[in-house]
Amino acid sequence: METTKVSDTWWYPLRYGDTLSNHDWIPLYINRLLTSRFVAHAIAEGRRADLGTALLLWAESFKQDPAGTLPDDDIQLAQIARFGADLDGWRAARAGALYGWRSAEIEGEEPGRTARLAHPVIAEIAFDMHKRKKGRDQARAASRMSSLRSRVRAKLHSMKYPKHIWDSRQIVETVADFLDQAGLYCTDENLRIAMADAVGIPREVTTLRSAGGADGDL
């Protein structure tokens, strides 16, 4: 993972919209935490409470958009860190609890949106988790489309289309993609629509075949 430094800000590795909303866990690198300057400073300066506040901020940052960032706004941060309306309490804890966080540029950011803060280590974790999430999402999508293609092939067969049609990978994929993009179920009528609009075979053809037409009709 690479980040580009821009003056006192840097480009965050995830875009606006890259979220981890369904995740309820994050990895904790114990050795990195225990040997970090953040922990050393917090203990040496008698600010152990910063550790708990920081942990709340880390956890909540993974629910933000993009994942792993925080809004640079004290009212919002006070809520996220569980200070509620105690802004003075939050402001007293801010510097210690946000150790290592700095302004970040977000690609695709909506105009006028609150500036974002990011932490290099949190960014690394969020980037890795999002990459894994995309891989799982792609695997699920591939499995779903494979199942849809199987249903399309079986449906075309049962609707008496000739073998060269329901056995054609290109036609089956074209029909399945049409149904998927249109949000249509794999029904007889929707198959006729897909065959007409995506493949170019009129709906009337299957009506004739079901009435007794032979394979040569196509």
Side-chain angles (χ1 to χ4, degrees), residues 1-140:
M1 180 197 71
E2 295 182 358
T3 56
T4 304
K5 187 75 178 296
V6 182
S7 184
D8 291 331
T9 65
W10 51 289
W11 283 99
Y12 196 65
L14 296 180
R15 292 174 48 88
Y16 179 67
D18 289 343
T19 63
L20 294 168
S21 56
N22 294 330
H23 283 64
D24 59 1
W25 65 272
I26 56 174
L28 180 64
Y29 298 111
I30 298 173
N31 288 337
R32 293 177 71 174
L33 175 62
L34 295 178
T35 60
S36 67
R37 284 179 293 177
F38 166 57
V39 170
H41 278 262
I43 293 175
E45 296 168 7
R47 298 175 62 88
R48 289 177 177 267
D50 288 349
L51 301 177
T53 302
L55 182 60
L56 290 174
L57 293 170
W58 298 345
E60 288 287 349
S61 75
F62 286 92
K63 299 179 181 180
Q64 298 285 312
D65 186 358
T69 66
L70 291 169
D72 191 4
D73 178 87
D74 280 336
I75 294 178
Q76 294 182 60
L77 287 170
Q79 294 295 323
I80 291 172
R82 305 298 195 271
F83 279 83
D86 183 11
L87 289 180
D88 290 338
W90 159 248
R91 286 171 177 147
R94 174 177 172 131
L98 287 177
Y99 185 94
W101 291 79
R102 61 180 187 267
S103 296
E105 299 287 346
I106 310 297
E107 186 176 354
E109 187 86 65
E110 292 181 335
R113 190 165 180 253
T114 302
R116 307 299 290 180
L117 299 171
H119 189 292
V121 176
I122 300 300
E124 179 183 336
I125 296 171
F127 179 80
D128 183 63
M129 291 178 67
H130 188 264
K131 182 171 64 175
R132 293 171 184 271
K133 173 181 177 289
K134 284 181 64 177
R136 290 192 296 270
D137 290 347
Q138 290 170 356
R140 282 194 291 268

Nearest atoms (heavy-atom pairs only) where Arg102 meets Pro120: NH1-CG, 3.6 Å

Please find the pair of heavy atoms, one from Pro66 and one from Arg113, that lie closest to each other, and give the distance. CD-NH1, 4.5 Å

Specify the closest pair of heavy atoms between Pro71 and Thr114, including all atoms of both residues, with the distance to one decimal. CB-CG2, 4.1 Å

Is there a donor-acceptor pair closer than 3.5 Å between any side-chain N or O of Arg91 and the backbone N or O of Gly89? no

Checking ring pair (Phe, Tyr, Trp, His ring centres under 6.0 Å) against His119, which of Trp101, Tyr99, Tyr12, Phe62 comes through? Trp101

Please report the closest heavy-atom contact between Leu87 and Asp74, naming both atoms and the distance. CD2-O, 3.8 Å

Look up atom NE2 in His130 and atom CG in Asp18, then write down how far apart they are to the nearest 0.5 Å. 3.5 Å

A side-chain contact here means heavy atoms from C-beta on lying under 4.5 Å apart; do Leu98 and Leu77 qualify? yes

Do Gln79 and Glu60 have side chains that get closer than 4.5 Å, going by heavy atoms? no

Could you tell me whether a side-chain N or O of Asp65 sits under 3.5 Å from a main-chain N or O of Gly17, the two making a donor and an acceptor? yes

Test item: Ile106 and Arg15 side chains (from C-beta on) under 4.5 Å apart, heavy atoms: no

How long is the span from the CG atom in Leu20 to the NZ atom in Lys63, to the nearest 0.5 Å? 12.0 Å

Non-hydrogen side-chain atoms of Phe83 and Asp88 separated by less than 4.5 Å: no

Between CD on residue Gln76 and CD on residue Gln64, distance to nearest 0.5 Å: 7.5 Å

Minimum heavy-atom separation for Ala97 to Asp50, with atom names? N-CG, 4.0 Å

Tell me if the CG atom of Leu34 is crowded by more than 12 foreign heavy atoms within 6.0 Å. yes

Do Leu51 and Phe38 touch side chain to side chain, with heavy atoms closer than 4.5 Å? yes

Go through Trp90 and Ile75 one step at a time and tell me if the side-chain contact (heavy atoms from CB on, under 4.5 Å) criterion holds. CA-CA 9 Å; Trp90 159 248; Ile75 294 178; over 6 Å; no

Roughly how far, to the nearest 0.5 Å, is the CZ atom of Arg116 from the CD atom of Glu109? 7.0 Å

State, with a plain yes or no, whether a side-chain heavy atom of Leu70 is found less than 4.5 Å away from one of Ile122. no

Drop me the distance from Lys131's NZ to Leu14's CG, to the nearest 0.5 angstrom. 11.0 Å

Closest non-hydrogen atom pair, Asp72 against Ser103: OD2-OG, 4.4 Å

